Amino acid sequence: MMPALRDNFILPISDYDLDSTLGCGQAFGWERDADGWTGAIKGRWVRLTSVCGGIKVQLAQTVRDLSWVTDYLQTNVNIREIIATFPKNDEQLRGAVKTCVGLRLVRQDPWECLASFILSSTKQIVQIRQIVCTLSERHGSSVIVPSGEKARFAFPTASQLAMLSEVDLRACRMGFRAPYLLAAARRTVSGEINLSAIGRMELSLAREELMKLDGVGEKIADCVLLFAYDFPTAFPVDVWVRRVLTQFYFHGRKVNNHRLRCFIEKHFGLNAGYAQQYLFHHVRMTSGKNLSATGLAPIS
DNA sequence: AACCAGGGAGCGT
DNA sequence: ACGCTCCATGGT
């Protein structure tokens with residue numbers, strides 16, 4: 001029997017915190033208001049609200065198939081099973097997990113994720129959001145929204161960006177990242193870099209492939225591998241993660257990259273990427289720094 | 001008003 | 001392998 005045509009659903013799920021998941025800097029196209037988050041998945045308008053027992057999903061049009069939403073939100077993932085794969089005797093990590101209950105990883109579109117993270121270098125979360133928003137408004141396709149809702153725009157496709165000029169991109173306030181993004185778009189369109197094929201590669205090869213792109217180093221490659229592709233051991237190391245790793249596991253002494261990667265590989269296990277996300281979120285929340293500029297403070 | 005944020009390229013060591 | 005500077009922008 002076919003499921004009914006509906007434009008709103010409740011996804012029954014526990015341990016899913018929308019605020020930390022959509023606001024923590026893994027995806028940049030979501031907008032928060034008083035009671036929920038609005039964004040677009042695969043060019044379709046979506047509004048998500050935390051309700052008792054799950055997540056309320058509102059759409060602009062009726063659908064039968066919700067798999068594009070559940071795939072994005074990864075609501076089929078059993079987070080307890082993931083956490084159970086973390087190292088048993090790591091009290092520091094356990095503590096981080098405890099302070100971040102409900103933090104999840106979502107599964108993003110590879111191009112949008114790659115482009116967003118090319119834009120992320122040396123930028124704070126609010127600024128990345130700002131750039132993504134401007135870029136989408138000016139160069140992305142408009143999305144069908146329910147009556148009364150404000151206009152929304154999908155993140156521009158590689159083809160949409162490839163035909164622009166560096167000047168057009170710089171006008172979206174992305175500075176020196178403009179030539180990187182433009183080249184990535186053009187090389188994606190030309191097929192020189194094949195984003196679908198990357199998902200089928202072995203992790204280290206996929207990483208090398210992404211790092212062929214100008215403006216994509218280890219950190220950004222790992223973000224794309226973790227947030228867009230199914231590589232649960234990808235482990236992005238930014239300054240925050242490096243900081244928390246040296247504190248927790250190296251007595252605050254500095255470690256070279258090689259030793260750090262060796263440690264990560266042998267310590268965190270099958271779902272290292274999730275562990276990274278908990279450590280990242282935890283250290284940012286507890287660093288004592290003013291997070292108002294990061295977009296995290298008003299969310300939590 | 002200088003300085004900071006903070007990833008990657010490109011350099012020199 | 002390591003360290004340094006620059007990049008563009010917006011916030012403090």
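Since this is a predicted model, take the numbers as computed values, not measurements. Naming: A, B, ... by sequence-line order, numbering from 1 per chain.
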Asks: P atom, B:dG6 versus C:dC2: distance in rounded Å?
Replies: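 22 Å, rounded to whole Å.
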Asks: Which residues pass the salt bridge (charged side-chain N to carboxylate O under 4.0 Å, His left out) test with A:Arg186, sequence neighbours left out?
Replies: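 Result, salt bridge (charged side-chain N to carboxylate O under 4.0 Å, His left out) vs A:Arg186: none returned.
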Asks: Flag the pair A:Asp35 and A:Lys56 as a salt bridge only when some basic side-chain nitrogen lies within less than 4.0 angstrom of an acidic carboxylate oxygen.
Replies: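 Salt bridge flag = no for A:Lys56 with A:Asp35.
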Asks: Applying ring pair (Phe, Tyr, Trp, His ring centres under 6.0 Å), name anything that partners A:Tyr72, two or more places apart in sequence or on another chain.
Replies: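 A:Tyr72 satisfies ring pair (Phe, Tyr, Trp, His ring centres under 6.0 Å) with A:Trp30 once adjacent residues are dropped.
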Asks: Calculate the interatomic distance between A:Phe117 atom CZ and B:dG6 atom C1'; express it in whole Å.
Replies: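 So the CZ-C1' distance, A:Phe117 to B:dG6, works out to 14 Å.
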Asks: Between A:Asp238 (CG) and B:dA5 (P), how many Å, whole number?
Replies: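 Rounded to the whole Å, the gap is 13 Å.
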Asks: Tell me every residue that passes ring pair (Phe, Tyr, Trp, His ring centres under 6.0 Å) with A:Phe250, counting only those two or more places apart in sequence or in another chain.
Replies: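 So A:Phe250 forms a ring pair (Phe, Tyr, Trp, His ring centres under 6.0 Å) with A:Phe263.
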Asks: Could you state the atom-to-atom distance from CD1 of A:Ile118 to P of C:dT9 in whole Å?
Replies: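 Whole-Å distance recorded here is 18 Å.
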Asks: Can you list, in residue-number order, the parts of residues 254-265 of chain A that come under 4.0 Å of DNA chain C, counting heavy atoms only?
Replies: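 Of all residues in residues 254-265 of chain A, the ones placing a heavy atom under 4.0 Å from DNA chain C are A:Lys254, A:Asn256.
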Asks: Partners of A:Arg253 by salt bridge (charged side-chain N to carboxylate O under 4.0 Å, His left out), sequence neighbours excluded?
Replies: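 Partners of A:Arg253 under the salt bridge (charged side-chain N to carboxylate O under 4.0 Å, His left out) test: none.
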Asks: Mind checking what makes side chain to side chain contact (heavy atoms under 4.5 Å, CB included) contact with A:Glu265, not counting sequence neighbours?
Replies: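 Partners of A:Glu265 under the side chain to side chain contact (heavy atoms under 4.5 Å, CB included) test: none.
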Asks: My understanding is that only residues two or more places apart in sequence, or in another chain, count here; which of them pass side chain to side chain contact (heavy atoms under 4.5 Å, CB included) with A:Ala228?
Replies: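 Listed in chain order: A:Pro110, A:Cys113, A:Val224.
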Asks: Tell me: CG of A:Leu119 to C1' of C:dT9, nearest whole Å?
Replies: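 From A:Leu119 CG to C:dT9 C1': 13 Å.
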Asks: Could you state the CH2-P distance from A:Trp240 to B:dC4, rounded to the nearest angstrom?
Replies: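 The answer, rounded to whole Å, is 15 Å.
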Asks: NZ of A:Lys123 versus P of C:dC7: gap in Å, rounded?
Replies: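 That distance rounds to 15 Å.
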Asks: Return the set of residues passing salt bridge (charged side-chain N to carboxylate O under 4.0 Å, His left out) with A:Lys42 (not counting sequence neighbours), or none when no residue passes.
Replies: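 For A:Lys42 there are no salt bridge (charged side-chain N to carboxylate O under 4.0 Å, His left out) partners, ignoring immediate neighbours.
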Asks: Going by the rule side chain to side chain contact (heavy atoms under 4.5 Å, CB included), which residues pair with A:Ser14 if we only count those two or more places apart in sequence or in a different chain?
Replies: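 Here no residue qualifies.
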Asks: Taking only the side-chain heavy atoms of A:Tyr180 (C-beta and beyond), determine which of B:dG6, C:dA8, B:dA9 contains the nearest atom.
Replies: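 Ranking B:dG6, C:dA8, B:dA9 by closest atom to the A:Tyr180 side chain puts B:dA9 first.
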Asks: Using the side-chain heavy atoms of A:Thr122, tell me which of these nucleotides is nearest: C:dT9, B:dG8, B:dG6.
Replies: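 Within the option list, the nearest is B:dG6.
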Asks: Measure CD1/A:Ile131 against P/C:dT9 and give the value in whole Å, please.
Replies: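 It is 9 Å, rounded to the nearest whole Å.
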Asks: Whether the side chain of A:Glu166 engages the backbone of A:Pro179 through a donor-acceptor N/O pair (distance < 3.5 Å, no angle test) should be reported.
Replies: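 The answer is no, because no donor-acceptor pair under 3.5 Å joins these two groups.
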Asks: Does anything in residues 161-179 of chain A come within less than 4.0 Å of DNA chain C? Heavy atoms only, and list the residues if so.
Replies: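 Residues of residues 161-179 of chain A under 4.0 Å from DNA chain C: A:Arg170, A:Arg173, A:Gly175, A:Phe176, A:Arg177.
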Asks: I'd like to check the salt bridge (charged side-chain N to carboxylate O under 4.0 Å, His left out) partners of A:Arg152; sequence neighbours left out, ordered by chain and number.
Replies: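 Salt bridge (charged side-chain N to carboxylate O under 4.0 Å, His left out) list for A:Arg152, sorted by chain: A:Glu31.
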Asks: Can you sort out which residues in residues 211-218 of chain A have a heavy atom within less than 4.0 Å of DNA chain B? Ascending by number, please.
Replies: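 DNA chain B contact set from residues 211-218 of chain A: A:Leu213, A:Asp214, A:Gly215, A:Val216, A:Gly217, A:Glu218.
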Asks: Between atom CG in A:Leu182 and atom P in C:dA8, what is the gap in whole Å?
Replies: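 Rounded to the whole Å, the gap is 16 Å.
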